[in-house]
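First comes the structure, then the notes that go with it.
Just follow the structure's listing: the first ligand is 1, and inside any ligand the first atom is 1.
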Amino acid sequence: MADKVVFDKPKVELHVHLDGAIRVQTILDVAKRRGIELPAGTVEDMTNIIALKEPVTLTEFLKKFPLYIHVVAGDREAIKRMAYEFVEDKAKEGVIYVEVRYSPHLLANTGVEKIQWNQKEGDVSPDDVVRLVNEGLREGERAFKTKARSILCCMRHMPSWSMGVVELCERYRDEGVVGIDLAGDESLSCEAFPEHRKAYEEAKRLGIHRTVHAGEVGPPHMVREAVEVLKAERIGHGYRTLEDPALYKELLAKKMHFEVCPISSKLTGACNPDFTKHPVKTLMRDKANYSLNTDDPLILNSTLNCEYSVAHDEMGFTEEEFKRLNICAAQSCFLPDKEKEELVNSLRTAYGMIQSSGF
Ligand SMILES: O=c1[nH]cnc2c1ncn2[C@@H]1O[C@H](CO)[C@@H](O)[C@H]1O
């Protein structure tokens with residue numbers, strides 16, 4: 001994938017999974033230290049095993065995580081390290097602000113209903129996971145000057161975790177956690193799981209910002225449900241919204257933010273693999289509120305620069321549109337108002353947009 005830089009200016013990224021953005025070298029190092037056997041011993045071979053090359057389905061795509069996530073799950077050093085390195089990687093891509101998401105429960109080995117990945121019970125709870133990620137992000141921010149905040153994910157197939165996720169969002173809201181998400185296999189509608197709805201109601205009551213994966217592969221009514229039932233402020237992906245013109249019009253009028261991930265949308269089979277037909281072109285035409293994001297760069301073997309290259313080379317994006325969408329991203333981020341304003345202003349300054357003084 002071409003990693004040339006077509007937009008060499010500060011960027012904001014709002015949709016990227018921490019457990020889909022681990023360095024392969026880190027997976028190899030941690031596996032060696034913990035005595036975990038992997039199917040390959042070099043970065044190249046392991047990348048070949050993890051990375052998707054051809055479009056599959058979201059369900060197949062999600063099956064890539066268990067190939068490596070057990071290596072870092074339940075390991076304090078690994079969890080902190082991947083958060084720290086993540087910030088370094090984003091800084092190298094010219095990202096000045098990032099919101100990174102993950103499920104604390106998927107990375108824990110105690111205090112969680114159904115310990116994942118065949119781990120033996122240990123001593124890393126979801127609460128510990130959040131503290132370790134916060135530490136790694138904070139140290140990364142100090143070292144690399146990219147501001148990093150996090151979003152905690154509920155998982156569609158594990159509704160019993162969702163209220164715990166809200167509690168963690170609340171407990172760590174002053175330590176870098178800025179919002180809640182609902183991720184996982186979208187064929188499981190949350191209508192069937194009142195726990196997700198209750199968790200989102202509680203999040204809204206507590207003033208916790210909300211985004212939801214919806215309309216990625218699921219039908220437009222999933223997007224409506226995310227907005228109307230879960231009170232989502234942003235939509236993760238949301239491509240299939242365009243199949244319901246009335247809904248799309250409503251969301252355009254509301255200036256709903258769409259977290260678009262072009263390369264992911266091709267390889268998960270969410271969108272037509274021909275980028276010239278990608279829904280983000282409609283969002284661009286309509287001056288919609290959206291951002292460009294990597295989603296899971298490890299599995300997609302991509303970078304944010306690849307996303308911008310694809311948008312530029314295959315979808316006709318201009319420098320002006322890149323600036324506009326980054327300002328949309330900053331305006332839709334989950335930072336407190338004052339910090340958000342500073343972020344928007346720093347982009348405007350970097351982009352040479354003179355701010356009106358009001359006189
Ligand atoms: O594109 C996606 N759609 C839905 N779920 C996803 C996607 N990428 C990752 N995850 C899920 O979110 C979890 C927490 O980060 C990941 O472990 C994966 O199961």
* Flag the pair Lys204 and Glu233 as a salt bridge only when some basic side-chain nitrogen lies within less than 4.0 angstrom of an acidic carboxylate oxygen. => no

* **Lys287 (side chain) donor-acceptor with Met284 (main chain) under 3.5 angstrom** => no

* **ring pair (Phe, Tyr, Trp, His ring centres under 6.0 Å) involving Phe7 - partner list, sequence neighbours excluded** => Tyr308, Phe322, Tyr351

* To do: Report yes or no: do Ser264 and Asp296 form a side-chain donor-acceptor pair below 3.5 Å?
  => no

* Asked: Would the His15 and His257 ring centres measure less than 6.0 Å apart?
  -> no

For ligand 1, list all ligand N or O to protein N or O distances below 3.5 Å, rounded to 0.1 Å.
residue, atom, partner, partner atom, Å
ligand 1, 1 (O), Glu216, OE2, 2.8
ligand 1, 1 (O), Asp295, OD2, 2.9
ligand 1, 3 (N), Glu216, OE1, 2.8
ligand 1, 5 (N), Gly184, N, 3.0
ligand 1, 8 (N), His17, NE2, 3.3
ligand 1, 8 (N), Asp296, OD2, 2.7
ligand 1, 12 (O), His17, ND1, 3.2
ligand 1, 15 (O), His17, ND1, 2.7
ligand 1, 15 (O), Asp19, OD1, 2.6
ligand 1, 17 (O), Asp19, OD2, 2.4

* **Parallel, tilted or perpendicular: ring planes of Phe65 versus Tyr68, cut at 30 and 60 degrees** => tilted

